[in-house]
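So the structure is just underneath, and the comments pick up after that.
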Amino acid sequence: MTSVKLIDTVAHRTEFLPFSPPAISEQEIDAVVETLRSCWITTGPKTRYFERKFSWYVNAPGALAVNSCTGALHIAVASLGLGPGDEVITTPMTFASSVNVIVHEGATPVLVDVEPDTLNIDPARVAEAITPRTRALLPVHYTGHPADMKPLLELARQHDLRIIEDAAHALPAYYEGRMVGTIGDLTAFSFYATKNLTTAEGGMLTGAEDLIEQARVWSLHGMNRDAWKRYDSNGSWYYEIVAPGFKYNMTDIQAAIGLVQLKRLEEMQTRRYAVVRQYNDAFGDMDALQTPTERANVRSAWHLYVLRLNLDKLTIDRNRFIEEMKAHNIGTSVHFIPIHLHPYYRDTFGWKPEDFPIAFREFHRLISLPLHPGLTDEDVADVVAAVKDIVERYRC
Ligand SMILES: *Cc1c(COP(=O)(O)O)cnc(C)c1O
């Protein structure tokens, strides 16, 4: 990596500002210790209670707690019976696991380009990509901004398709007054360390009760009854395997963290929204930058704040911008390297960069700024000052 020479025009932070540290309080720590002292440390009463609390929170009929969003997505694909010969339409602007799980089950991922404002899957292009083999749509609510679900639901109705939503970023998010988690057939949430609610690793699948009970079987070896109860005093040693299921169950240690995080979520979100407003106010009228959109019919969960660089107004590229931010002691990231650029997908499906031109073009100008509840006003001011300093020095 080339070293970056800085002209010292603004004071630099002496301490590195991490991109997205987890917001863990003493309450989560106490809850973990309390769980370790109890006799249930794996899936048990706390996991069931967390599922109930979560389903109330998003207003979904059923919820299944698992050990990751990737696991939740995989269970969704498998339990809906998607497999060889079936096409699943999804977006290139996502994390690898949304597409990997389709491949895991032998189904065929079909990518569709994104809308330029939200970078969510474009329903008009989805309509064009549907074939007689299409069985499901897998939209991703990029950055927490819901995908345009109304036309997708309509297409699903017309063509008898299932909808699996990747809501890893979208807690809590609303689309036309409906909460994400209650819209498609199955919705997968992530509680990974960087997400809006964390259990270190974890995830949740929401949906109709019958689909969730079917998914539950797949989450624990394909056992046909409440297998976690088999070590209880009323439990039985007997079980039957009714599907070649996975081992994706959540532990009570994770659920204990999740229950506290869920209680703290509104307060943590309030801080996120305040930081977003400060960034928007600071960058809104700078012609070298494009701030993220929030359409009028949604409420974004604001998992990420993705700034777009107007590269024709700058003499440096995005990668150099990131290096300059690092030199200012500020951590940033890129969401995402589009799926079709990754070697496995490029080589297996023969996808070329220009096959999804919007995702490809926008990728080169994306930079995710720090956005988490632990940011102080001073931290935000440092990020703003760094961005402004870099833009000023490299304008053309
Ligand atoms: C984080 C993330 C996932 C994976 O979540 P895990 O809980 O780490 O499995 C899936 N999709 C998107 C869009 C993500 O950002």
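The basis for the numbers below is simple: all heavy atoms, side chains too, and nothing from hydrogens, waters or symmetry mates. In listed order, ligands and their atoms are each counted from 1. The shown structure was predicted, so the numbers you read here are calculated from the model rather than taken from an experiment.
In the hydrophobic clustering of ILVMFWY residues, with side-chain heavy atoms under 4.5 Å counting as a link, L311 and I358 come out apart. I212 is connected to L138 through a chain of hydrophobic side-chain contacts under 4.5 Å among Ile, Leu, Val, Met, Phe, Trp and Tyr, so both are in one cluster.
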Could you tell me, for ligand 1, which of its N or O atoms are under 3.5 Å from any protein N or O, listing the pairs and their distances rounded to 0.1 Å?
| residue | atom | partner | partner atom | Å |
| --- | --- | --- | --- | --- |
| ligand 1 | 5 (O) | S190 | OG | 3.2 |
| ligand 1 | 7 (O) | C69 | N | 2.8 |
| ligand 1 | 7 (O) | S190 | OG | 2.7 |
| ligand 1 | 9 (O) | C69 | N | 3.3 |
| ligand 1 | 9 (O) | T70 | N | 2.9 |
| ligand 1 | 9 (O) | T70 | OG1 | 2.5 |
| ligand 1 | 11 (N) | D166 | OD1 | 3.4 |
| ligand 1 | 11 (N) | D166 | OD2 | 2.7 |
| ligand 1 | 15 (O) | H169 | NE2 | 2.7 |
| ligand 1 | 15 (O) | K195 | NZ | 3.2 |

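Taking E115 as the reference, D117, T118, D122, P123, D148, R295 meet the side chain to side chain contact (heavy atoms under 4.5 Å, CB included) condition, with sequence neighbours excluded. With sequence neighbours excluded, the residues satisfying side chain to side chain contact (heavy atoms under 4.5 Å, CB included) with T291 are N280, F283, Y305, L307.
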Report, one line per pair, each donor and acceptor closer than 3.5 Å where one atom sits in a side chain of residues 15-25; sequence neighbours left out.
| residue | atom | partner | partner atom | Å |
| --- | --- | --- | --- | --- |
| S20 | OG | T194 | O | 3.4 |
| S25 | OG | Q27 | N | 3.2 |
| S25 | OG | E28 | OE1 | 2.5 |

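Proximity of a side-chain donor or acceptor of H372 to a complementary backbone N or O of G374 within less than 3.5 Å is detected.
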